[in-house]
Amino acid sequence: MKLTIEVRAKPGKASELYQTLQALLPTMRRQGCLDCGVSQNAEEGEAFILTGDWDSMSSFECYMQSGSGSALLGAIDLLSERSRIRIGDEPWGGIEVLKRMRKET
């Protein structure tokens, strides 16, 4: 299951957002993410793309229920001015997609 999260940092928060996303990668890998990474959008210096290839949707749902999933949501909420999320082939959505997942599971 492919996950893509695009975030644009609030002014002055790009470094903090990038460092936080990088710090979450090891916990993602331990919880079922086969391959993940953070890249910076070359055209927009304060925009980042977090990608993850999860072994299953249930692994990703478990991750979102964990403290690391909470940290990911917190970082996006506090440090970004704009975000969009895509899970698999679903249409792009906002942060509410992940928040809803935390509540439902």
Side-chain angles (χ1 to χ4, degrees):
M1 191 272 314
K2 181 78 171 172
L3 169 72
T4 307
I5 300 175
E6 294 181 356
V7 292
R8 178 163 179 73
K10 289 181 179 176
K13 298 294 184 180
S15 178
E16 187 176 354
L17 178 60
Y18 180 75
Q19 289 173 1
T20 302
L21 294 175
Q22 283 286 341
L24 290 170
L25 295 179
T27 61
M28 292 173 73
R29 291 183 188 109
R30 285 193 299 271
Q31 294 184 24
C33 189
L34 305 171
D35 185 34
C36 54
V38 178
S39 57
Q40 191 169 16
N41 184 324
E43 294 176 5
E44 295 183 56
E46 294 189 340
F48 303 96
I49 301 170
L50 171 67
T51 58
D53 185 14
W54 290 81
D55 61 4
S56 67
M57 184 63 168
S58 63
S59 291
F60 178 62
E61 289 170 346
C62 286
Y63 173 78
M64 288 309 301
Q65 290 298 311
S66 73
S68 295
S70 180
L72 174 62
L73 282 175
I76 293 170
D77 268 344
L78 294 172
L79 303 173
S80 74
E81 64 180 17
R82 183 178 76 230
S83 63
R84 65 184 194 153
I85 290 94
R86 186 169 192 186
I87 298 174
D89 294 328
E90 294 296 316
W92 288 96
I95 189 71
E96 68 278 351
V97 171
L98 300 180
K99 289 181 178 179
R100 198 170 38 246
M101 185 178 288
R102 275 189 61 83
K103 290 179 182 174
E104 291 175 356
T105 354

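Just so you know, these numbers use all the heavy atoms, side chains as well, and skip hydrogens, waters and symmetry mates.
In terms of modelled atom types and a separation under 3.5 Å, the side chain of R84 and the main chain of E6 share no donor-acceptor contact.
Proximity of S68 to M28: side-chain heavy atoms (C-beta onward) are nowhere separated by under 4.5 Å. E61 has its side chain out of reach of S56: every pair of non-hydrogen atoms, C-beta onward, lies at least 4.5 Å apart. Using a 4.5 Å heavy-atom cutoff, the side chains of L17 and K10 are not in contact. The shortest distance between side-chain heavy atoms of S70 and R102 falls below 4.5 Å. Under the 4.5 Å side-chain criterion, counting only non-hydrogen atoms from C-beta, L50 is in contact with L25. Side-chain atoms of W54 and I87, non-hydrogen and from C-beta on, never get closer than 4.5 Å to each other. L3 is listed as a side-chain neighbour of I85, based on a closest heavy-atom distance under 4.5 Å. Residues Y18 and V7 form no side-chain contact, since every pair of their non-hydrogen atoms from C-beta on lies 4.5 Å or further apart.
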- Query: So L21 and I5, side-chain contact (heavy atoms from CB on, under 4.5 Å) or not? Walk me through it.
  - Reply: CA-CA 11 Å; L21 294 175; I5 300 175; over 6 Å; no
- Query: side-chain contact (heavy atoms from CB on, under 4.5 Å) between T4 and W92: does it pass, once the steps are laid out?
  - Reply: CA-CA 9 Å; T4 307; W92 288 96; 3.6 Å; yes
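Nearest approach of E16 to T20, heavy atoms of both residues: O-OG1, 2.8 Å. Minimum heavy-atom separation, M101 to M57: CE-CE, 3.6 Å. Of all non-hydrogen atoms in E90 and R86, the two that sit nearest each other are O-NE, 2.9 Å. Here the closest non-hydrogen pair linking P11 and E81 is CD-OE1, 3.6 Å. When all heavy atoms of G93 and E96 are compared, the pair lying nearest together is C-OE2, 4.3 Å. The minimum heavy-atom distance between C33 and G52, with the atom names listed, is SG-CA, 3.8 Å.
In this structure, CG in D35 is found 7.0 Å from NZ in K2, a value given to the nearest 0.5 Å. If you take CE on M64 and CZ on R100, they are separated by 12.0 Å, rounding to the nearest 0.5 Å. Y63 OH to L98 CG: the interatomic distance, rounded to the nearest 0.5 Å, is 10.0 Å. We find the CD-NZ distance between Q19 and K13 to be 11.5 Å, quoted to the nearest 0.5 Å.
Taken together through direct or relayed side-chain contacts under 4.5 Å among Ile, Leu, Val, Met, Phe, Trp and Tyr, L24 and L78 form part of one hydrophobic cluster.
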